[in-house]
Amino acid sequence: QVQLVESGGGLVQAGGSLRLSCAASGRTFSSDAMGWFRQAPGKERACVAAISNGGRRTYYADSVKGRFTISRDNAKNMVYLQINSLKPEDTAVYYCAADSRGIDTIVVAPDNALDAWGQGTLVTVSS
């Protein structure tokens, strides 16, 4: 079983930047694809970025392309989400998720089918 803990959220002005972190423990991190999801008030949770276990493949939702960058450090069991040019519509709880079946599963599988989730970190963007 893998445990995930997110950090790095907070209140930031529009146009600013944040780096979210997700620390993994409990099993071989380098075997898992990882994803960042977000859920805004009144909306469904959706994948905004994902990365393959080795880091060679990445995925970004159209709404965040060019502003968000996902990366991972397998030596430290960490995955990151760099968020630049923040917009008020980026306000959401951000979650990281892990799955041993690969990046395609992270992107397309229903939420309840993924192996593990973190507890979330809140990002609030003021205009």
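Just the heavy atoms: all of them, side chains too, but no hydrogens, waters or symmetry mates, feed the values below. If you're wondering where the values come from, they're calculated on a predicted model, not measured in any experiment.
Remark: Asn77 CG to Met34 CE distance equals 9.5 Å, nearest 0.5 Å. We find the CZ-CD1 distance between Arg19 and Ile83 to be 11.5 Å, quoted to the nearest 0.5 Å. The CZ atom of Phe29 sits 7.0 Å away from the SG atom of Cys22 when rounded to the nearest 0.5 Å. A distance of 12.5 Å separates CG in Asp32 from CD1 in Ile51, rounded to the nearest 0.5 Å. Annotation: the span from Leu86 atom CG to Leu18 atom CG amounts to 5.5 Å, rounded to 0.5 Å. To the nearest 0.5 angstrom, Leu20 atom CG is 8.0 Å from Phe68 atom CZ.
Under a hydrophobic clustering in which Ile, Leu, Val, Met, Phe, Trp and Tyr are joined whenever their side-chain heavy atoms come within less than 4.5 Å, directly or via other members, Trp117 and Val2 fall into different clusters. Placement of Tyr94 and Val64 within a single hydrophobic cluster is found when ILVMFWY residues are connected by side-chain heavy-atom separations under 4.5 Å, directly or transitively. Neither Val107 nor Val79 shares a network with the other; the hydrophobic side chains, linked directly or stepwise wherever heavy atoms of I, L, V, M, F, W or Y lie under 4.5 Å apart, form separate groups for each.
Here the shortest heavy-atom pairing between Ala113 and Ala109 reads CB-CB, 4.3 Å. Taking both residues in full, the closest heavy atoms of Ala116 and Leu4 are given as O-CD1, 3.7 Å, listed atom of the first, atom of the second, then distance. Nearest heavy-atom pair across Ile106 and Ala98 is CD1-C, 4.0 Å. The heavy-atom pair separating Ser85 from Ser17 by the smallest distance is N-OG, 4.3 Å. Ile70 and Tyr60 make their closest contact through N-OH, 2.8 Å (heavy atoms, listed as atom of the first residue, atom of the second, distance).
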Show which side-chain atoms of residues 120-127 pair as donor or acceptor with protein atoms under 3.5 Å away, not counting sequence neighbours.
residue: Thr121; atom: OG1; partner: Gly9; partner atom: N; Å: 3.1

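Asp115 meets the side-chain hydrogen bond (donor to acceptor under 3.5 Å, both in side chains) test with Arg27, Ser100; sequence neighbours excluded. Under the side-chain hydrogen bond (donor to acceptor under 3.5 Å, both in side chains) criterion, Asp90 pairs with Arg38, Arg67, not counting sequence neighbours. Qualifying side-chain hydrogen bond (donor to acceptor under 3.5 Å, both in side chains) partners for Arg72, counting only residues two or more places apart in sequence or in other chains: Asn74. For Asp104, the side chain to side chain contact (heavy atoms under 4.5 Å, CB included) partners are Arg57, not counting sequence neighbours.
Hydrophobic cluster membership for Tyr80: Met78 (Ile, Leu, Val, Met, Phe, Trp, Tyr linked by side-chain heavy atoms under 4.5 Å, directly or transitively).
For Ser52 (side chain) and Arg56 (main-chain N/O), a donor-acceptor pair under 3.5 Å exists by modelled atom type. Asp99 contributes a side-chain N or O that, together with a main-chain N or O of Arg101, makes up a donor-acceptor pair within less than 3.5 Å. Within the 3.5 Å criterion, the main-chain N or O of Glu6 finds no donor-acceptor partner in the side chain of Tyr95.
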